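Reviewing the structure listed below.
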There are 2 protein chains.
Amino acid sequence: MSYTIKDVAKKANVSVATVSRILNNLPGYSEKTKEKVLQVITEMGYQPNAIARGLINKKTKTLGVLLPAVSDTFASVVLSGIEDMAHDLDYSVMVCNTAKDGIRTMKYLQALREKQVDGIIFISEFFKEEYYNAITAMKLPIVLVSTKSAYDIPFIKVDDEKAVLDGVMYLLERGHRSIGMIAGTKGDTIATIPRIEGYKKALNKQGIAFETKKVVYGDFGFESGIEAAEELLYHNKDVTAIFCSSDEMAAGALSYLYRMSIRVPDEISLVGYDNTKVAEMAIPPLTTVGQPLYEMGKNSVRMLLEREDGQSKSMFMPHKIAERESVKSIDQSTGE
Amino acid sequence: MSYTIKDVAKKANVSVATVSRILNNLPGYSEKTKEKVLQVITEMGYQPNAIARGLINKKTKTLGVLLPAVSDTFASVVLSGIEDMAHDLDYSVMVCNTAKDGIRTMKYLQALREKQVDGIIFISEFFKEEYYNAITAMKLPIVLVSTKSAYDIPFIKVDDEKAVLDGVMYLLERGHRSIGMIAGTKGDTIATIPRIEGYKKALNKQGIAFETKKVVYGDFGFESGIEAAEELLYHNKDVTAIFCSSDEMAAGALSYLYRMSIRVPDEISLVGYDNTKVAEMAIPPLTTVGQPLYEMGKNSVRMLLEREDGQSKSMFMPHKIAERESVKSIDQSTGE
DNA sequence: GTGAAAGCGCTAACAT
DNA sequence: ATGTTAGCGCTTTCAC
């Protein structure tokens, strides 16, 4: 066993209370005893036991983060923002890979509760009623990142509809008239429906009719992008540009196009969504609607911790188009 | 506040000891009281406090993971293996993003200690003496993943020298004679020197002389791959293949070659290392020497937990070449 | 089969 | 300025 505060007290000839005060920077001791105690502490290599401490203050200085897949580029950037901010504030973070599995999420929620985390950050998944009930029952502060809910829970995300509208406008402004969309999971009320809405509005602004057959669905992943691109082009020989609801799907589309010997952006332009590393690494580098993922992660812990006194409110983060090389302007007069 | 074991005991008209026994599946109560207590527990929605529990058992059922960058593809796959295994074993994991920063690592080590984690997994960084001293002082079990140390600490990794030897042999067998190498950080005794050794040995087997100018260094990241490829080709117009020490660097090389209009694999073949998602997503898909990253993550927690009784030994994991489309066979007789 | 009570390592009154 | 002591919520002897 390691040393305890008692050992330190004994060796320094003071009471545990005094040691505790010194450890916590509370008033109530002379400079001399402080020095003495500090010296004994380093001598013994004493480290306070955060578990015992947590039992009393009801604070563990640790946060729980629930995300669909740690190895997913998207979530891992958010996680890294969370991690950095938490570290600055002296908090630790427990990661819980929910694997899009509701049962597993519930198990995690319980574990986090038992381990008395000070708050929970929930990333990018659909927030079920079941979760809501569990969390309100345990009275834990929570913030949603890149998702939102039907409940009064603060979230932090970009305005998806507006972001896609801008992304599609970007294409429209460059002369594209037949634009396809590779959307996310069909029916997803957070990341699919509003985005399709943005797509529609952009077309509408230019007086272009919306056609159902021009939007196909994927699941945000690479493989689904390949399939979606194939399906989209099969039904729409005329598209000159595709808006993709994630960089990974755009990478998939890119891959399909490459295999079909269709050049990007010469024959078809592509714009992605997220601005993750995959957009940078793609060939050609992808123009994409960027979300400030890292900042969103950082803000989420700030929000969570401030929340403790007085509800903090949700916030929309700005999106920004990262221009790279996957979009070509086409000259309308020549139809080229 | 939530309910405590005392509340349950009172409401069920038994002692806390009995409740505790039931909670922990210990003998010493009748089936009847068990039912009664269990019922009260669900009624109240009681959840045990793992902090209080941890104070007694000196077990927190949580692990600490130290890694250089959560958003790095490589580490995040390992992390996801760790996460899954930990979850199966009812452990939680605290992630610590060390950002290749020694000070930060030391801070984390201390935090993990104070929070009484049951063990530590250290991924892919150089393991400094400083860390060793801190960890032995706190008597925490630890395992190294994808790295090793000068100390008697179990590690789990692939045999880098052998892996690169196989990768380069793969190229040699396909007729390549002038092979460049984009290595990792110069001087890195874990992930660079042994790999260069493997490269040398492969050439040697075929009686090809090793040339210093054919190996250039990067830092395992995408951008460094771009620069390295440029440098390598500048000094070696004749290479027909490049072995890269990470998939990200290979993607960088790919990107550079694309910009230079040098076709892969027609003009230059490429093989990567790791077999992460970026190898799959590359255009063309990268042939790469794969490490079983996810499995390594899983094994590391198994190893860590078994370790508690009796030292467990290090293990080498098998590497395996994932064949995709970035390598072309060249016919030597025609010199093509 | 069940309960009382002594801690685990610490903090926070309350004394002095 | 410093010490004594009562817990925090739980597990674990030791009685009965």
Side-chain angles (χ1 to χ4, degrees), chain A residues 1-38 40-41 44-62 110-118 138-139, chain B residues 1-38 40-41 44-62 110-118 138-139:
Chain A
M1 263 314 299
S2 319
Y3 294 116
T4 73
I5 197 174
K6 239 176 176 164
D7 302 318
V8 174
K10 197 173 300 167
K11 192 148 176 202
N13 279 314
V14 294
S15 72
V16 294
T18 299
V19 177
S20 175
R21 286 186 191 105
I22 293 172
L23 248 23
N24 295 288
N25 281 311
L26 296 176
Y29 45 82
S30 69
E31 193 54 34
K32 220 171 114 191
T33 48
K34 175 175 177 177
E35 267 170 38
K36 166 87 188 196
V37 168
L38 253 24
V40 170
I41 285 177
M44 309 176 75
Y46 164 78
Q47 306 263 116
N49 181 330
I51 294 298
R53 205 172 247 176
L55 189 53
I56 299 183
N57 337 309
K58 274 103 177 57
K59 288 265 164 291
T60 51
K61 285 267 187 182
T62 113
Q110 181 174 337
L112 289 175
R113 194 271 169 78
E114 291 188 1
K115 289 184 178 164
Q116 317 289 129
V117 298
D118 297 339
M138 53 208 219
K139 301 193 184 69
Chain B
M1 264 314 300
S2 317
Y3 294 116
T4 72
I5 197 174
K6 237 174 176 167
D7 301 319
V8 174
K10 198 173 299 168
K11 191 150 177 199
N13 279 317
V14 294
S15 71
V16 295
T18 299
V19 178
S20 174
R21 287 187 189 104
I22 293 172
L23 248 23
N24 295 288
N25 281 312
L26 296 176
Y29 45 82
S30 69
E31 192 54 35
K32 219 170 116 192
T33 48
K34 174 175 177 174
E35 267 171 39
K36 166 86 189 195
V37 169
L38 253 23
V40 170
I41 284 177
M44 308 177 75
Y46 164 77
Q47 307 262 116
N49 181 329
I51 295 297
R53 206 173 247 177
L55 188 54
I56 299 183
N57 326 318
K58 274 101 178 57
K59 287 262 163 294
T60 51
K61 285 265 187 186
T62 113
Q110 182 174 336
L112 290 175
R113 194 273 169 79
E114 291 188 2
K115 289 185 176 162
Q116 316 290 128
V117 299
D118 297 340
M138 55 209 219
K139 302 193 183 73

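The chains referred to below are lettered A, B, ... by the order of the sequence lines, with proteins before strands, and numbering in each begins at 1. Computed from a predicted structure; not experimentally measured.
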Seminar exercise, completed: Assign each of A:S30 and A:V16 the nucleotide of DNA chain D bearing its closest heavy atom; nearer the 5' end lies the nucleotide of A:S30
For this session: Return the minimal non-hydrogen interatomic distance between A:T4 and A:D7, and the atom names on each side.
Result: N-OD2, 2.7 Å
Exercise. Which heavy-atom pair separates B:P48 from A:E114 by the least distance, and what is that distance?
Worked result: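 Here B:P48 and A:E114 meet closest at O-CG, 3.5 Å.
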Exercise. Within the structure shown, what part of the strands sits under 4.0 Å from B:D7 by heavy-atom distance: base, sugar-phosphate, or nothing?
Worked result: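 No contact.
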Is the shortest side-chain N/O distance from [X] to OP1 or OP2 of [N] below 4.0 Å?
X: A:K58; N: D:dG9; value: yes
X: B:S15; N: C:dG3; value: yes
X: A:T33; N: D:dT2; value: yes

Exercise. Any side-chain hydrogen bond (donor to acceptor under 3.5 Å, both in side chains) pairs touching residues 45-55 of chain B, not counting sequence neighbours?
Worked result: none
Problem set entry | Proximity to DNA chain D (any heavy atom under 4.0 Å), residues of residues 18-29 of chain B only |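 B:S20, B:R21, B:N24, in order of number.
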Would you indicate which nucleotide in [options] comes nearest to any side-chain atom of [X]?
X: A:I56; options: D:dT4, D:dG7, D:dC10; value: D:dG7
X: A:A17; options: D:dC10, C:dC10, D:dT4; value: D:dT4
X: A:V14; options: D:dT2, C:dC10, D:dG3; value: D:dG3
X: A:Y46; options: D:dT2, D:dG9, C:dC10; value: C:dC10

Exercise. Can any side-chain N or O of B:K36 pair as donor or acceptor with the backbone N or O of B:N13 at less than 3.5 Å?
Worked result: no
What is the distance, rounded to the nearest whole Å, between atom [atom1] of [X] and atom [atom2] of [N]?
X: A:R53; N: C:dC10; atom1: CZ; atom2: P; result: 8 Å
X: A:I51; N: C:dC10; atom1: CD1; atom2: C1'; result: 12 Å
X: B:Y3; N: D:dG9; atom1: OH; atom2: P; result: 14 Å
X: B:N49; N: D:dG7; atom1: CG; atom2: P; result: 18 Å
X: A:I5; N: D:dT5; atom1: CD1; atom2: C1'; result: 14 Å
X: B:E114; N: C:dC8; atom1: CD; atom2: C1'; result: 17 Å
X: A:K6; N: D:dT5; atom1: NZ; atom2: C1'; result: 12 Å
X: B:K115; N: C:dC10; atom1: NZ; atom2: P; result: 15 Å

Exercise. Do A:M44 and A:V8 come close enough that some side-chain heavy atom pair is under 4.5 Å?
Worked result: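 Sidechains of A:V8 and A:M44: in contact.
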For this session: Answer yes or no: is there a side-chain heavy-atom contact under 4.5 Å between A:V37 and A:V40?
Result: no
Exercise. Under the side chain to side chain donor-acceptor pair (under 3.5 Å) test, which residues partner B:R113, sequence neighbours left out?
Worked result: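 Partners of B:R113 under the side chain to side chain donor-acceptor pair (under 3.5 Å) test: A:S2.
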Seminar exercise, completed: Between A:Q47 and B:E31, the residue closer to the 5' end of DNA chain C by nearest nucleotide is B:E31
For this session: Using the side-chain contact (heavy atoms from CB on, under 4.5 Å) rule, take B:N24 and B:S20 through it: C-alpha gap first, then chi angles, then the decisive distance, then the call.
Result: CA-CA 6 Å; B:N24 295 288; B:S20 174; 3.5 Å; yes
